[in-house]
Amino acid sequence: GVRIPIFVVPLGLQRAPFDHQPHSRGNLFTVGYSSSFTKRKNHLAIAQAFCAAFGSRTDVRFILHGRNGDPELIDQLRRYCNEHAQGTIT
């Protein structure tokens, strides 16, 4: 069995004040992800999961942010987003 105590690290911010606030920008809910554009980060899987979860909803958007990326990977990601995300992923 496990002999080392296991614990949950608390979230670094207090989420409660934001839980029931109306969304800004015309009720547009924004999800973001920021990391370097490398294959091991699997941005394509993240974009696919977003599309599977939200489809073509216009009240939700997903912003991918990164730098120091593989140009081929970024082009592949742009093509996927243009074909499947209908402007909801930038």
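For the numbers below, each heavy atom of this structure counts, side chains included, while hydrogens, waters and symmetry mates do not. No experiment lies behind these values; they were computed from the predicted model shown.
- Lys41 and Ser35 get closest at one heavy-atom pair: CG-OG, 3.8 Å.
- In this structure, Phe62 and Phe50 have parallel ring planes: the angle between them is below the 30° cut-off, well short of the 60° mark.
- With rounding to the nearest 0.5 angstrom, the OH atom of Tyr33 is 4.0 Å from the CD1 atom of Ile46.
- In this structure, Arg79 CZ and His84 NE2 are separated by 12.0 Å, a value rounded to the nearest 0.5 Å.
- Note that the CZ atom of Arg57 and the CZ atom of Phe29 stand 9.5 Å from one another [nearest 0.5 Å].
- When each of Thr58, Asp59, Ile63 is tested with Arg61 by the rule side chain to side chain contact (heavy atoms under 4.5 Å, CB included), just one qualifies, namely Ile63.
- Of all the heavy atoms in Leu73 and Thr38, the pair that sits closest is CD2-C, 3.4 Å.
- Note: Gln76 CD to His43 NE2 = 12.0 Å, rounded to the nearest 0.5 Å.
- Here the closest non-hydrogen pair linking Ser36 and Asn68 is CB-O, 4.4 Å.
- In this structure, CG on Leu64 lies 10.0 Å from CG on Leu44, to the nearest 0.5 angstrom.
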